[in-house]
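The first residue of the sequence shown is numbered 1, and numbering continues consecutively from there.
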Amino acid sequence: EKIIQQDENITSIDKMMTRGKLNGFKEDSLKDLAIFFSDAGAILNFRDRFELLGEDRLAEKDNVVMKPQWLLKKIAAFIFDGKVHKKKCKALPKEGQYRKLKMLYRNYGILSKKFLVKLLKTYENCTKEEIAFILTIATEMLIMAFLPKLPAKVPKIDVKEVDFYIVPS
């Protein structure tokens, strides 16, 4: 528990292993604990569990979600049904250019990166590292998909935005 009860939401594999060693655990035990905590759902590592046992160490940059509920809450911040979650819709950024991006999201399920970053940073208090992690996980797990250009049926919006994603809504 000393390994996973930390204030951080995400951490690297190496930091988690170092923390364990500082608390007196041996590397073999740490690998077993990492697999156990992952299987139990106490942490999320998004890797095949057997990679922890293999010869190849996980890269230092590979992240572990220390609080799985944190990740679910952050994803739920931008994937929801506007008709059901009216209160959440009202909380979405709406000042200036975000008003048009909010309309695009609510009416077409198209989310701009700028809008998503604003939402996660301002309303969900995410750090830059956490936002980058959420974007990576959401696209790799096909929670949202990159949209190379806006479909013809979508009205033109006068904002300088390059990255758009389609999300279930």
Side-chain angles (χ1 to χ4, degrees), residues 4-16 34 37-49 51 58-169:
I4 64 169
Q5 287 186 351
Q6 299 295 320
D7 291 335
E8 55 196 354
N9 298 310
I10 56 176
T11 191
S12 70
I13 294 281
D14 280 355
K15 283 182 184 176
M16 186 179 80
F37 285 135
S38 183
D39 287 348
I43 63 172
L44 301 174
N45 65 16
F46 300 102
R47 290 288 206 148
D48 186 301
R49 64 185 294 259
E51 287 184 42
L58 292 173
E60 181 179 312
K61 66 179 175 59
D62 292 334
N63 288 317
V64 175
V65 176
M66 302 302 280
K67 300 174 187 172
Q69 195 61 35
W70 168 86
L71 182 59
L72 291 174
K73 183 179 180 225
K74 300 312 173 196
I75 290 172
F78 63 92
I79 295 185
F80 58 86
D81 183 341
K83 293 175 185 166
V84 176
H85 303 98
K86 291 179 182 174
K87 186 176 180 182
K88 190 178 274 191
C89 275
K90 288 180 182 177
L92 292 173
K94 53 187 164 266
E95 63 275 357
Q97 64 182 339
Y98 295 106
R99 189 179 72 241
K100 293 177 183 177
L101 295 173
K102 177 180 177 179
M103 179 274 309
L104 186 65
Y105 177 54
R106 286 187 65 191
N107 296 340
Y108 298 96
I110 297 173
L111 183 63
S112 77
K113 182 177 180 181
K114 183 181 285 187
F115 187 84
L116 178 59
V117 168
K118 172 78 170 174
L119 175 69
L120 292 173
K121 190 174 183 182
T122 306
Y123 298 96
E124 293 294 326
N125 299 316
C126 289
T127 65
K128 286 181 182 180
E129 179 187 51
E130 291 170 343
I131 291 170
F133 179 75
I134 291 167
L135 279 169
T136 301
I137 290 299
T139 52
E140 285 181 2
M141 296 182 74
L142 301 178
I143 293 170
M144 62 185 200
F146 181 71
L147 193 61
K149 66 178 190 170
L150 292 177
K153 72 174 187 167
V154 174
K156 296 278 184 204
I157 57 171
D158 187 30
V159 292
K160 293 179 180 163
E161 176 65 49
V162 185
D163 296 335
F164 289 97
Y165 300 91
I166 187 118
V167 296
S169 59

Partner set under side-chain contact (heavy atoms from CB on, under 4.5 Å) for I143, not counting sequence neighbours: I75, I79, A138, M141
For T122, all residues meeting side-chain contact (heavy atoms from CB on, under 4.5 Å), sequence neighbours excluded: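 If we apply the side-chain contact (heavy atoms from CB on, under 4.5 Å) test to T122, skipping adjacent residues, the hits are K118.
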Flag the pair [X] / [Y] as yes when at least one side-chain heavy-atom distance between them is below 4.5 Å, and no otherwise.
X: F133; Y: V65; answer: yes
X: I110; Y: L101; answer: no
X: K113; Y: L116; answer: no
X: M144; Y: L135; answer: yes
X: F115; Y: L104; answer: no

[X] side, atom [atom1]; [Y] side, atom [atom2] - distance, nearest 0.5 Å:
X: I134; Y: I10; atom1: CD1; atom2: CD1; value: 7.5 Å
X: M66; Y: L44; atom1: CE; atom2: CG; value: 10.5 Å
X: E8; Y: K67; atom1: CD; atom2: NZ; value: 8.5 Å
X: L111; Y: K102; atom1: CG; atom2: NZ; value: 13.0 Å

Closest contact, heavy atoms only, A42 versus P68: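 Where A42 meets P68 most closely, the heavy atoms are O-CD, 3.3 Å.
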Over all atoms of both residues, closest heavy-atom pair of I166 and Y108: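 Scanning both residues, the minimum pair turns out to be CD1-O, 4.4 Å.
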Side chain K74, main chain L120, donor-acceptor under 3.5 Å: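 No, K74 side chain to L120 backbone: no donor-acceptor pair under 3.5 Å.
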Qualifying residues under salt bridge (charged side-chain N to carboxylate O under 4.0 Å, His left out), relative to E129, sequence neighbours excluded: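 Here no residue qualifies.
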Whether F146 and Y165 hold their rings parallel, tilted or perpendicular, with breakpoints at 30° and 60°: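 If you compare the ring of F146 with that of Y165, the planes turn out perpendicular.
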